[in-house]
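Reading through the structure tokens given below for one structure.
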Amino acid sequence: MADTWLPSLITATPQEGFELAITLSRRGVKYTQPDMETLKQLRPEYAQSADGLTAASQVIAINFQTVSAANNYWCG
């Protein structure tokens, strides 16, 4: 089992929440493909793909929805 790196989804601001969403998305990729060399080899392919970039943005947006809900949308 991996070390605990995510003690909470609570963040002080929406900006921090968005950054957490990006971190969650990137960590998801690393867990799915733990071989760093393979990740580096694949990066040029999806970095030039409109579909790949759109899919990555969608994953970040879904994670941001989760973080936003956990933070009660930063409403007091």
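Just so it is clear, the model here is predicted, and its values are computed rather than measured.
Under the 4.5 Å side-chain heavy-atom criterion for grouping Ile, Leu, Val, Met, Phe, Trp and Tyr, I22 is connected to W5 within one hydrophobic cluster. Linking ILVMFWY residues whenever their side-chain heavy atoms come closer than 4.5 Å, directly or via other members, leaves L42 and Y31 in distinct clusters. Residues V59 and V67 do not share a hydrophobic cluster, defined by chaining ILVMFWY side chains whose heavy atoms lie under 4.5 Å apart.
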Next item on the list: List the steps, then state whether side chain to side chain contact (heavy atoms under 4.5 Å, CB included) holds for D51 with Y46.
Entry: CA-CA 8 Å; D51 289 340; Y46 68 78; over 6 Å; no
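Within 6.0 Å of CD on Q41 lie more than 12 heavy atoms contributed by other residues, nucleotides or ligands. Heavy atoms from other residues, nucleotides or ligands lying under 6.0 Å from CD of Q58 number 12 at most.
Between atom CZ of residue R43 and atom NZ of residue K40 there is a gap of 8.5 Å, rounded to the nearest 0.5 Å. Here L20 contributes atom CG and T66 contributes atom OG1; the two are 10.0 Å apart, rounded to the nearest 0.5 Å.
Between I10 and S8, the shortest heavy-atom contact is N-OG, 2.9 Å. In this structure, Q33 and L39 approach most closely via the heavy-atom pair O-CD1, 3.4 Å.
Between the W74 side chain and the T11 main chain, a donor and an acceptor come within less than 3.5 Å of each other. Panel note: side chain N71, backbone P14; no donor-acceptor pair is recorded below 3.5 Å.
Residues F64 and L24 are not in side-chain contact: their nearest non-hydrogen atoms beyond the backbone lie 4.5 Å or more apart.
The side-chain hydrogen bond (donor to acceptor under 3.5 Å, both in side chains) contacts involving residues 15-26 comprise Q15-E19, S25-N63, where partners must be two or more places apart or lie in separate chains.
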